[in-house]
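Hydrogens, waters and symmetry mates are skipped; everything else that's a heavy atom, side chains included, is used. Ligands are counted one by one from 1 in listed order, and the atoms in each one are counted from 1 as well.
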Amino acid sequence: MSPRYCEVALPVPLRSTFTYAVPESFDGEPLVGRRVVVPFGKRAMVGVALAECDSVPDAARIKALTEVIDSLPALPPKLIELGHWISRYYLAPIGETFRAMLPPEIELREDRTYTITDSGHEYFRKLTAAPEIAGAESPEFALLKYFSEHESSTSARLHRRPHALPAAAGEALAEKFVRRGYLTASEVLRSRKTRTQKIVAWRQGTTTASAGGSAGILGGRSFSSAKTAARSAGALAPEARIREVLTAERGPLPLNILLERARVSRSVVQRLEKAGLLQTWEEPIAPGEDPWDTDFIPPANVLNAEQKVALEDIWRWIVASKFSTALLHGVTGSGKTEIYLGAIEAALSRGKTAIVLVPEIALTLWVSRLVRARFGDRIAVLHSALPDIERAREWWRVRRGDASVVVGTRSAVFAPLENLGLLIVDEEQESSYKQEEVPRYNGRDTAVYRARLEGAVALLGSATPSLETFHNARAGKYNLLTLTSRVQNRPLADVRIIDLREEFRRHHRAAPISESLRSAIALRLEEKTQAMVLINRRGYSWSLLCRGCGAVVQCQNCSIALTYHKSRQRLECHYCGFSLRPLKQCPKCRAEYMYFVGDGAERVDEYLREQFPHARVARLDRDTVRTKREYQQVLGAFAKGEIDILVGTQMVAKGHDFGRVTLVGVVAADLALGRPDFRAAERTFQLLTQVAGRAGRGEFAGEVLVETYYPEHYAIQYAAQQDYVSFFEKEVQFRRALHYPPFTALASVLMRDRAVENAIRWSRSLAACFGSFEKQGVKVLGPAAAPLARLRREYRFQFLLKSQRRAALGKALALALDFCAAKEIPATAVIVDVDPASLF
Ligand code: ADP
Ligand code: ZN
């Protein structure tokens with residue numbers, strides 16, 4: 001046999017793969033797509049084999065891989081191709097790209113059980129009869145001897161080397177025997193049964209005062225003084241850290257996550273639980289768990305004419321088995337989900353598989369139960385909030401072909417389905433499809449590319465498509481399917497713009513919501529229908545301002561104002577988690593005129609309770625709901641009519657279908673317009689249209705009130721008219737004139753470091769390198785301080801690269817990264833973001 005080598009992608013921030021020699025014990029075993037264990041520096045690392053070759057330069061210095069993990073290659077060939085594309089297109093380190101595509105490494109690997117067959121026994125008898133040929137020392141003999149004595153064994157047991165062979169060799173040889181028919185193999189999942197997890201919560205009402213009461217149990221110190229003492233010492237005591245994590249930062253958390261975040265040991269938690277400060281309970285972690293699932297009867301809808309026409313086209317494309325992309329542009333409430341289900345049916349009927357991507361975890365529940373109700377159990381759900389063990393289980397079910405439909409969030413675009421016929425991307429414009437860490441891919445664009453690789457249909461659905469997608473549809477690159485009306489011809493909600501300047505002139509009051517909105521809500525309470533209020537800012541006040549010097553209290557680590565949270569009595573940074581007690585005195589000028597500016601969801605919630613003391617008010621934002629369960633509880637109660645007014649951040653805007661909502665109020669609708677981002681108008685239009693779509697979905701007509709200081713802004717005007725096409729026409733003019741997507745390929749390059757000198761020096765030297773790209777048709781802007789000039793203690797400088805030719809842009813970025821590597825600028829200091837979702 002000639003020597004074998006393989007290319008392995010390892011999870012390190014480097015843009016190359018590594019070559020390893022393949023030991024002879026793996027002869028006859030294909031390695032491509034399988035995870036392998038290799039020596040890397042002083043340690044062992046898990047990577048994935050991407051290719052094999054039989055010669056390499058400098059073979060003597062090449063190390064050998066030590067283990068092959070999966071018996072079934074984790075990645076089928078098409079996914080390997082997809083990974084290469086992502087790594088190239090997004091300039092992402094190849095190993096980190098592939099790690100994002102692989103199942104969680106919990107080594108819930110399928111344990112193989114091997115059993116000796118009759119012909120295995122016979123062969124062993126032959127070997128014992130002729131020991132001079134077999135060689136009693138040979139590995140073959142040793143392994144067969146072991147099986148003849150034990151009948152069967154698992155791969156895990158083989159790893160423990162009961163037969164005196166090297167761990168990997170035993171398994172490799174067993175596989176060889178399977179191919180020769182001396183052994184049979186079957187898969188068993190080694191189930192580490194953790195079906196429930198322990199959730200820990202800080203007991204409500206145990207503030208510092210009551211905690212002080214249990215000082216005796218807390219080792220003689222009162223809690224509050226322990227805390228202050230620890231503060232001044234620069235580090236918090238374990239108890240204080242737990243409290244910090246469970247109250248200031250988040251809500252109830254699974255025990256293991258709490259231990260990690262608060263950096264405490266289990267015994268501290270047990271002690272506090274005994275002391276009555278912590279409360280714990282067990283929660284199931286099965287993905288199927290869903291309190292609404294029990295009495296779920298899927299709606300039996302008869303498709304209307306528009307839906308039928310759209311679906312007929314989709315059937316044709318799927319039957320044709322050729323790559324194509326379609327945009328399903330349907331107004332809110334036009335019944336797009338019904339079309340998705342029909343499309344899945346088309347794919348399944350041709351023996352193909354399908355992936356459905358949704359923009360957030362909560363929606364996986366809605367969609368997966370519809371799919372399950374219609375097509376049965378051959379469905380898998382994949383998203384990042386599943387515990388690793390569950391996710392791995394689902395992942396391998398898919399890989400083995402036990403599921404034909406996968407519903408999931410962004411990363412489900414990598415679901416290892418074979419024979420893929422359809423990829424659906426619901427709400428394709430959502431920025432949650434963009435991963436904001438390496439690899440910085442966009443799940444929607446990756447879905448389209450994967451469809452191309454697999455000869456499948458990509459179906460992008462939205463009421464408010466991204467400019468890029470609609471532009472592609474207009475240009476004929478994508479097919480366009482349109483649903484112009486709501487199902488059963490329900491009217492779209494009436495949208496009324498409330499000019500806040502006018503309001504102020506009339507009422508001379510600065511209340512958190514306008515008088516018009518307040519009286520509209522009062523009317524709904526009388527009518528006994530429901531109202532939703534969207535305020536896209538968490539907390540009580542946006543910032544704390546000194547009226548003496550005009551300074552805003554900023555985060556210690558980030559260039560951002562701290563948000564005031566009243567219930568917790570903290571000023572908090574929403575980026576890094578830093579927090580402070582509210583200040584009475586300006587830290588800069590010592591004046592005592594601190595003033596809270598801007599009302600957030602918490603304040604609006606409080607105001608509504610004051611105004612309507614008899615109404616049932618609930619709030620939905622990351623401060624009030626922290627778990628999937630709490631989220632479902634609030635929405636479930638709202639759906640059942642147990643809540644009159646639901647206040648919340650954009651969480652309330654998405655997807656859901658409530659029949660009794662007749663009023664939607666949008667407070668501070670123009671918040672996003674002030675952002676220094678070329679997508680500000682697009683995002684505002686999308687959010688307003690989405691939330692307007694929540695009203696009037698049932699038998700009652702709906703009304704939407706939009707509060708703004710810029711009533712003339714086209715994003716607000718067209719959202720009020722729910723006129724997507726006019727908005728598109730207008731916005732696209734700006735994009736063309738200012739050279740932004742979809743007319744220009746755009747990338748952002750960020751240089752960051754804790755030392756501002758480094759960040760500046762590196763940016764300057766990169767600027768010199770970029771200088772040479774202008775001639776190749778790549779326009780470079782910057783370096784300039786990034787809009788968020790400091791984040792988590794790092795100073796940030798930004799370049800924007802624009803080009804009419806994507807290939808030129810990609811080449812420039814690759815050269816820039818080579819340049820940084822040559823200048824020994826740390827790889828982690830440079831962030832390349834191709835097709836950024838936001839420049840902020
Ligand atoms: P969209 O995603 O386009 O906003 P949905 O798919 O959520 O809309 O559908 C809105 C509602 O209309 C759902 O309750 C759905 O069951 C219902 N629906 C869909 N198609 C029909 C139809 N042909 N006739 C009646 N109701 C329908
Ligand atoms: Zn911060």
Side-chain angles (χ1 to χ4, degrees), residues 248-249 292 296-311 327-344 356-360 362-363 365-367 369-371 373-374 424-430 459-465 481-493 539 543 552-563 565 570-580 639 653-661 686 689-699 702 722 724 754 788-796:
E249 256 181 55
W292 295 343
F296 178 64
I297 306 160
N301 293 319
V302 182
L303 296 188
N304 61 30
E306 276 190 332
Q307 285 172 316
K308 270 198 201 127
V309 170
L311 198 52
L327 166 62
L328 174 63
H329 178 212
V331 297
T332 53
S334 56
K336 292 185 285 294
T337 319
E338 211 51 56
I339 301 214
Y340 299 155
L341 292 172
I344 295 169
V356 186
L357 299 184
V358 293
E360 55 179 287
L363 290 173
L365 277 172
W366 287 85
V367 176
R369 89 188 162 151
L370 282 170
V371 172
R374 184 122 155 214
I424 294 171
V425 185
D426 184 30
E427 302 292 354
E428 62 85 29
Q429 80 286 354
E430 286 287 337
L459 181 62
L460 315 180
S462 178
T464 53
L481 302 168
T482 312
L483 304 178
T484 55
S485 53
R486 283 190 162 178
V487 295
Q488 299 179 325
N489 289 320
R490 284 175 199 143
L492 281 170
S543 57
V552 166
V553 181
Q554 287 219 340
C555 175
Q556 216 176 48
N557 314 316
C558 313
S559 50
I560 203 86
L562 294 177
T563 304
H565 288 260
R570 303 298 287 178
L571 295 169
E572 291 180 7
C573 173
H574 288 176
Y575 288 84
C576 74
F578 171 81
S579 76
L580 278 180
K654 303 275 162 66
H656 310 292
D657 203 28
F658 302 112
R660 289 186 66 84
V661 175
Q686 284 163 349
T689 312
Q690 289 286 336
V691 72
R694 296 310 110 214
R697 290 173 78 96
E699 54 197 294
Q722 301 184 58
Y724 175 81
R754 287 203 175 182
L788 210 65
R790 202 161 162 256
L791 179 65
R792 297 190 186 92
R793 303 206 174 151
E794 288 175 325
Y795 292 88
R796 296 143 47 96

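- Checked by atom type, the side-chain pair T332/R486 shows a donor-acceptor distance below 3.5 Å.
- Residue G461 comes nearest to Y340 through the heavy atom pair CA-OH, 3.4 Å, listed as atom of the first residue, atom of the second, then distance.
- Defined by atom type and a distance below 3.5 Å, a donor-acceptor pair is present between the side-chain atoms of R793 and N557.
- The main-chain N or O of S462 is never found under 3.5 Å from a side-chain atom of H329 such that the two would form a donor-acceptor pair.
- At least one N or O atom of N301 sits closer than 3.5 Å to an N or O atom of ligand 1.
- Within the structure, the closest approach of I339 to ligand 1 does not fall below 4.0 Å when heavy atoms are considered.
- Short contacts between ligand 1 and V331, defined as distances under 4.0 Å to a heavy atom of the residue, involve ligand atoms 3 (O).
- Here the angle at the Zn ion (ligand 2) defined by SG in C555 and SG in C573 stands at 110°, rounded to 10 degrees.
- Remark: the backbone N or O of G335 is paired with a side-chain donor or acceptor of Q307 at under 3.5 angstrom.
- Under a 4.0 Å heavy-atom criterion, G330 is not in contact with ligand 1.
- In terms of modelled atom types and a separation under 3.5 Å, the side chain of Y724 and the main chain of P465 share a donor-acceptor contact.
- Closest non-hydrogen pair, R374 versus E338, comes out as NH1-OE2, 3.5 Å.
- With a heavy-atom cut-off of 4.0 Å, V487 touches ligand 1 through its side chain alone.
- Distances between N or O atoms of S334 and those of ligand 1 include at least one value under 3.5 Å.
- Of the candidates V302, T332, L370, T337, the one placing a heavy atom closest to atom 24 (N) of ligand 1 is V302.
- One of the N, O or S atoms belonging to C558 lies under 2.8 Å away from the Zn ion (ligand 2).
- Contact between V331 and K336 at its shortest, heavy atoms only, is O-NZ, 3.3 Å.
- With ligand atoms numbered from 1 in the order given, ligand 1 contributes 23 (N) to contacts under 4.0 Å with heavy atoms of N304.
- Ligand-side atoms of ligand 1 in range of Q488: 25 (C), range being under 4.0 angstrom from any heavy atom.
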